Amino acid sequence: MLILSSTVVVILPSLVSSSDLTIKINSSLAISRKNLSHSTLSPSPLHQEVKMSKQVQARRLEGIDKNPWVEFVKLANENEAVNLGQGFPDFAPPEFSTEAFKQAVSGDFMLNQYTRGFGYPPLVKILAQFFGKLLEQDLDPLKNVLVTVGAYGALFYSFQALVDEGDEVILIEPYFDCYEPMTKMAGGCPVFVPLRPPPAHDGRLMSSGDWQLDPAELASKFTPRTKAIVINSPNNPLGKVYSRAELELIANLCKKHDVLCFSDEVYQWLVYDEEKHISIASLPGMWERTLTIGSAGKTFSVTGWKVGWVLGPDYLLKHLRTVHQNCLYHCPTQLQEAVSSSFERELRFFGQPESYFVQLHKDIQKKRDHMVNSLLTIGMTPVVPQGTYFLIADISTFKKKMPHLPGSEGEAYDSRFIKWMIKNKGLAAIPVSVFYSSQQKQHLDHYIRFCFIKNDSTFKAMDDKLQQWKKELEA
Ligand SMILES: Cc1ncc(COP(=O)(O)O)c(C=O)c1O
Ligand SMILES: *[C@@H]1O[C@H](CO)[C@@H](O)[C@H](O)[C@H]1NC(C)=O
Ligand SMILES: *[C@@H]1O[C@H](CO)[C@@H](O)[C@H](O)[C@H]1NC(C)=O
Ligand SMILES: *[C@@H]1O[C@H](CO)[C@@H](O)[C@H](O)[C@H]1NC(C)=O
């Protein structure tokens, strides 16, 4: 983190009378539930600005102010497009989870109060038990588990606690977009290395597994300044599930160069076909240098709960606890209770047909296959994902046919294409270039990401739009 020697003075705005304020706030809140669930809120009508002689924002925020999601989500809602962009399920979560939450709200009144700052005791206990079993480690619930506000919180703490000014952090492209600003906010320097698609693929559909790291290129990114590498398996947006050999390659480099590993495993239950998710922390010599990050939102289809966790050795986690105790200090107690009950239930049914994790990936795999086939009908070429609930589709054929779509200067083709598709075809997706560094964006502007954890009526709406599109193509 940058330390700036400036004095912070807080001045409350006194430019509006409190009655004005009330009316404006009421009117900006007069919105339907539909707007509330997505970020279509119009900007606040209050516009006071103080002209400061000093720079207003902290320098660590420079260059990270753009967020790719806001714009596309807003456009999708304005055009009432079928939302296949944002990654959240639009069907009910498992009843055992929502029941557990109702219980937590209506039961023991003490669950309305603060709990242990580093995690509600029953939750850290069951997480230690559950993941101890998977990682083949004896986890201490009080030392090896920290509960956070979503996996986002766990990631933020990892960067803030362990990445110092000037440290290099290796990010594998395409990457979940927040890794880059989080590295920079901590004062670190992102170093990028791409997963590359194979040069030719003889008509066969490509799998996300075909996108690979070049071992020599990866090795060349490790320097004496490298502090950490971030891996995300299964990977958002590609859906790649790293093989044991790929994880060993990374692990060996981490050990050789004394580098930490931040392992984002939020989609670990969503792997398809014969794929197996492997935690890099389970490889020899890796537990001691890895932070393993998970999300209840992704695990139990409850993204709005924002309960996450990070597992790791105490000598690393103690620094994340320092960030946490000086930042949020507590996460909501009732949600932690509901997540702990959900995990207790899953532990009872571990690996059995009743297990939600077992059922979910079967259901979602069918949706994956459905979407792959639907997209093929209009001439998009999906890369079949091994995991997650996303897939990327190649739009090169459209780029050839209509290379000049409207957009702002320097705007990548995929981004222009999405805006065109939302407005003209009523379908929303996310441009894959947002998952690349600015140096690489231009080269990877012909893929778009779709989310397939969507209900049957959303799929029906998608198929209707695609059939209409197909007719137009044939006309
Ligand atoms: C790879 C990855 N990591 C982390 C997160 C954030 O998870 P949470 O909602 O638990 O903060 C997401 C959410 O989309 C994600 O895709
Ligand atoms: C705004 O909200 C306050 C508090 O809920 C309420 O008392 C007031 O009547 C509301 N005003 C308008 C204009 O809706
Ligand atoms: C909320 O949504 C409704 C209908 O979808 C729309 O008419 C209204 O303008 C929206 N309000 C805001 C503040 O975006
Ligand atoms: C399906 O999703 C849409 C929005 O994505 C939602 O309006 C609808 O209620 C959902 N239907 C079911 C049956 O869950």
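Just so you know, ligand 1 is whichever comes first in the structure, and atom 1 is the first atom listed for that ligand. Residue numbers start at 1 and run along the sequence shown. Treat the numbers as computed from the prediction; the structure is a model and nothing was measured.
Note that OG of S295 is 6.0 Å distant from CH2 of W309, once rounded to the nearest 0.5 Å.
Salt bridge absent: D177 and K66 never bring a charged side-chain N and a carboxylate O closer than 4.0 Å. Contact check on K419 versus E71 returns a salt bridge, with a Lys/Arg side-chain nitrogen under 4.0 Å from an Asp/Glu carboxylate oxygen.
For ligand 1, the atoms closer than 4.0 angstrom to any heavy atom of K306 are 8 (P), 9 (O), 11 (O). Within ligand 1, counting atoms from 1 as listed, the ones closer than 4.0 Å to a heavy atom of S295 are 8 (P), 10 (O).
At most 12 non-hydrogen atoms from other residues, nucleotides or ligands lie less than 6.0 angstrom from CD of E136. Within a 6.0 Å radius of OH in Y329, no more than 12 heavy atoms belonging to other residues, nucleotides or ligands are found.
Distances between N or O atoms of N232 and those of ligand 1 include no value under 3.5 Å. Taking only nitrogen or oxygen atoms, main chain and side chain alike, T303 does not reach within less than 3.5 Å of ligand 1.
For atom 12 (C) of ligand 1, the closest heavy atom belonging to the protein is F176 CZ, 3.4 Å. For atom 2 (C) of ligand 1, the closest non-hydrogen atom on the protein side is D264 OD2, 3.3 Å. Of all protein heavy atoms, the one closest to atom 14 (O) of ligand 1 is K298 NZ, 2.8 Å. Looking only at protein heavy atoms, the nearest one to atom 6 (C) of ligand 1 is Y152 CD1, 3.6 Å. For atom 16 (O) of ligand 1, the closest non-hydrogen atom of the protein is Y267 OH, 2.6 Å. Here the protein heavy atom with the shortest distance to atom 8 (P) of ligand 1 is A151 N, 3.4 Å.
In this structure, K441 is not positioned above the aromatic face of F435 in the sense of NZ or CZ being under 6.0 Å from the six-membered ring centre and within 45° of the axis. Taking the ring axis of F130 as reference, the NZ or CZ atom of K133 does not stay both within 45° of it and closer than 6.0 Å to the ring centre.
Every salt bridge (charged side-chain N to carboxylate O under 4.0 Å, His left out) that E217 has, sequence neighbours left out, goes to R196.
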ask   = Does the salt bridge (Lys or Arg N to Asp or Glu O under 4.0 Å) test come out yes or no for K367 and D363, once each step is laid out?
value = CA-CA 7 Å; K367 292 180 187 289; D363 291 349; over 6 Å; no
key: Step-by-step salt bridge (Lys or Arg N to Asp or Glu O under 4.0 Å) determination, K74 to E78   = CA-CA 6 Å; K74 183 162 178 277; E78 281 166 5; 3.1 Å; yes
Which protein N or O atoms sit under 3.5 Å from any N or O of ligand 4? Give each pair with its distance.
| from | atom 1 | to | atom 2 | distance (Å) |
| --- | --- | --- | --- | --- |
| ligand 4 | 2 (O) | D90 | OD2 | 3.1 |
| ligand 4 | 2 (O) | N455 | ND2 | 2.3 |
| ligand 4 | 2 (O) | T458 | OG1 | 3.3 |
| ligand 4 | 5 (O) | D90 | OD2 | 2.7 |
| ligand 4 | 5 (O) | T458 | OG1 | 3.4 |
| ligand 4 | 11 (N) | N455 | ND2 | 2.9 |
| ligand 4 | 14 (O) | N455 | ND2 | 3.3 |

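Here the side chains of W269 and H361 are not in contact, with every heavy-atom distance at 4.5 Å or above.
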